[in-house]
S.K.: 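To start, I am sharing the structure in question, which I have written as structure tokens.
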Amino acid sequence: MKIATWNVNSLNVRLGHVLDWLGAEQPEVLALQEIKMTDDRFPLEAFHEAGYEAIFSGQKTYNGVALISRAPAREVIRDIADLEDPARRILGATIDGVRILDLYVVNGQEVGSEKYAHKLHWLDKVTAHIGGELQQHECFVVLGDFNIAPEDRDVHDPAAWHERILCSTPEREALNRLRALGLEDCYRLFDQDPEQYSWWDYRAAGFRRNLGLRIDLILASTAMARKCTRCWIDKAPRKLERPSDHTPVVAEFDVARTPS
DNA sequence: ATGGTTGTTAAACAA
């Protein structure tokens with residue numbers, strides 16, 4: 001079972017890339033972020049023609065998440081308890097017996113800002129929600145654009161990014177509290193080449209110079225992590241004409257594998 | 001080089 005995440009930075013602009021990538025990679029689940037469209041504009045028919053189901057939670061201009069899947073999504077949620085948030089950043093569903101939570105984590109703009117405080121609060125509430133999900137679902141995956149680089153090795157220039165947004169200690173601690181619930185960063189379950197990132201700023205030729213951060217993550221419950229056979233970053237879409245600033249991250253799970 | 005680019009939506013805002 002192949003599960004992927006991709007911040008597409010406008011599904012209107014990136015639909016062709018997404019459909020091409022689905023055709024090439026054939027994932028069972030693709031979690032999208034920043035689709036930037038209202039639900040009435042969602043290109044459902046295009047996904048159906050490609051052989052996929054889709055659920056989505058969108059809004060005008062900003063944010064917006066979607067789950068594209070071979071199998072239908074059950075028990076869908078678009079909000080969580082104790083978090084009043086008009087921004088469409090959360091989409092949960094059960095697909096093929098796996099509980100999936102697609103997140104577009106608040107960016108936070110700048111350390112110390114109002115948006116930064118909101119990011120930490122938002123992460124607290126989402127962490128509490130995930131604690132409940134983990135009690136109900138042994139097979140659980142939370143994935144998306146976390147807007148946090150977990151460690152300095154996930155940052156092209158740790159000195160330049162020291163205590164800056166996406167890398168600050170409080171953000172990393174919030175991510176660690178989430179992971180401490182019993183979630184593994186699938187990418188780090190395996191040996192990986194150094195300097196592998198999932199996002200590069202459009203500015204200053206960031207991709208060409210590999211000035212990136214690894215902020216797009218796939219976190220799996222203990223039972224799911226045991227089934228994870230591979231996790232990688234697919235840089236191919238970032239090399240295309242008019243790319244998203246993010247590229248897909250993919251994890252493969254052997255769902256038939258018996259937990260030992 | 002506190003710059004640079006992209007997307008949405010109408011000059012600014014978010015990332």
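All chains are named by letter (A, B, ...) in the order of the sequence lines, taking the proteins before the strands, and each is independently numbered beginning at 1.
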S.K.: Check the distance between B:dA15's C1' and A:Arg203's CZ and give it to me in whole angstrom.
M.R.: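 Taking atom C1' of B:dA15 as the reference, CZ of A:Arg203 is at 7 Å.
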
S.K.: Rounded to whole angstroms, how far apart are CD on A:Glu110 and P on B:dT2?
M.R.: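 In whole Å, B:dT2 P lies 15 Å from A:Glu110 CD.
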
S.K.: For B:dT8, does OP1 or OP2 lie under 4.0 Å from any side-chain N or O of A:Lys60?
M.R.: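 So the side-chain polar atoms of A:Lys60 never come under 4.0 Å of the phosphate oxygens OP1 or OP2 of B:dT8.
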
S.K.: Taking atom P of B:dA15 as reference, at what distance in whole Å does atom CG of A:Asp216 sit?
M.R.: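 Answer to the nearest Å: 14 Å.
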
S.K.: Of the options A:Thr38, A:Asn63, A:Asp79, which is the one that meets A:Arg88 in a side-chain hydrogen bond (donor to acceptor under 3.5 Å, both in side chains)?
M.R.: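 That would be A:Asp79; it is the only one of A:Thr38, A:Asn63, A:Asp79 passing the side-chain hydrogen bond (donor to acceptor under 3.5 Å, both in side chains) with A:Arg88.
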
S.K.: What interatomic distance, in whole Å, is found between P of B:dG3 and the corresponding atom of B:dG7?
M.R.: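 Between the two P atoms, the distance is 23 Å.
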
S.K.: So, OP1 or OP2 of B:dA14: does either fall under 4.0 Å of a side-chain N or O from A:Thr61?
M.R.: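 For B:dA14, neither OP1 nor OP2 has a side-chain N or O of A:Thr61 closer than 4.0 Å.
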
S.K.: Rounding to a whole Å, what distance do you find between A:Tyr116:OH and B:dA15:P?
M.R.: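 Whole-Å distance recorded here is 15 Å.
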
S.K.: Whole Å only: how far is the CH2 atom of A:Trp199 from the C1' atom of B:dG4?
M.R.: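 From A:Trp199 CH2 to B:dG4 C1': 12 Å.
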
S.K.: For A:Arg14 and for A:Tyr104, locate the closest nucleotide of DNA chain B by heavy-atom distance; then report the residue assigned to the nucleotide nearer the 5' terminus.
M.R.: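 Here A:Arg14 is the residue nearer the 5' end.
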
S.K.: Under 4.0 Å between any heavy atoms, over every strand shown, what does A:Phe207 touch: base, sugar-phosphate, or nothing? Just pick one.
M.R.: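 Result for A:Phe207 = nothing.
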
S.K.: Quantified in whole Å, what is the P atom distance between nucleotide B:dA10 and nucleotide B:dT5?
M.R.: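 Rounded to whole Å, the distance is 24 Å.
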
S.K.: So, is A:Arg242 near the phosphate of B:dT5, with a side-chain N or O under 4.0 Å from OP1 or OP2?
M.R.: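 No, because none of the side-chain N or O atoms of A:Arg242 sits under 4.0 Å from OP1 or OP2 of B:dT5.
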
S.K.: In terms of the nearest nucleotide of DNA chain B, which residue is placed more toward the 5' end: A:Asp201 or A:Asn7?
M.R.: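 By nearest-heavy-atom nucleotide position, the 5'-most residue is A:Asp201.
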
S.K.: Classify A:Arg209 by what it touches in the nucleic acid, base, sugar-phosphate, or nothing, heavy-atom distance under 4.0 Å.
M.R.: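 It contacts nothing in the nucleic acid.
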
S.K.: Find the distance A:Asn107:CG to B:dA15:C1' and express it as a whole number of Å.
M.R.: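 Spelled out: CG on A:Asn107 to C1' on B:dA15 is 6 Å.
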
S.K.: State which residue, out of A:Thr5, A:Asp216, A:Asn9, fulfils the side-chain hydrogen bond (donor to acceptor under 3.5 Å, both in side chains) condition with A:His246.
M.R.: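 In the set A:Thr5, A:Asp216, A:Asn9, the residue that makes a side-chain hydrogen bond (donor to acceptor under 3.5 Å, both in side chains) with A:His246 is A:Asp216.
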
S.K.: Any carboxylate oxygen within less than 4.0 angstrom of a Lys/Arg side-chain nitrogen, looking at A:Asp152 and A:Arg172?
M.R.: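 Here A:Asp152 pairs with A:Arg172 in a salt bridge, since their nearest N and O are under 4.0 Å apart.
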
S.K.: What's the CZ-P distance between A:Arg208 and B:dG4, to the nearest Å?
M.R.: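 In whole Å, B:dG4 P lies 16 Å from A:Arg208 CZ.
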
S.K.: With no hydrogens and no angle check, is any side-chain donor or acceptor of A:Gln33 less than 3.5 Å from a backbone partner on A:Asn7?
M.R.: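 Yes.
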
S.K.: Using atom C1' of each nucleotide, how far apart are B:dA15 and B:dT9 to the nearest Å?
M.R.: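 Taking atom C1' in both B:dA15 and B:dT9, they lie 16 Å apart.
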
S.K.: Taking any heavy-atom pair under 4.0 Å as a contact, classify A:Arg89: base, sugar-phosphate, or nothing.
M.R.: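 Sugar-phosphate contact only.
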
S.K.: Of the nucleotides B:dG7, B:dA14, B:dT8, which one has an atom closest to the side chain of A:Asn12?
M.R.: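 It is B:dT8.
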
S.K.: Determine the Euclidean distance between corresponding P atoms of B:dT2 and B:dA12; express it in Å to zero decimal places.
M.R.: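 It works out to 24 Å between them.
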
S.K.: Find the distance A:Gln109:CD to B:dA14:P and express it as a whole number of Å.
M.R.: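 Distance, rounded to whole Å: 6 Å.
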
S.K.: For the C1' atoms, the ones on B:dA14 and on B:dG4, what distance do you get once it is rounded to whole angstrom?
M.R.: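 After rounding to an integer number of Å, I get 15 Å for this pair.
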
S.K.: Counting C-beta onward and ignoring hydrogens, is there a side-chain heavy-atom pair between A:Lys125 and A:Ile80 closer than 4.5 Å?
M.R.: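 They are in side-chain contact.
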
S.K.: Please tell me whether A:Glu184 and A:Thr222 have a donor and an acceptor in their side chains that are separated by less than 3.5 angstrom.
M.R.: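 Note: A:Glu184 and A:Thr222 side chains miss the donor-acceptor criterion.
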
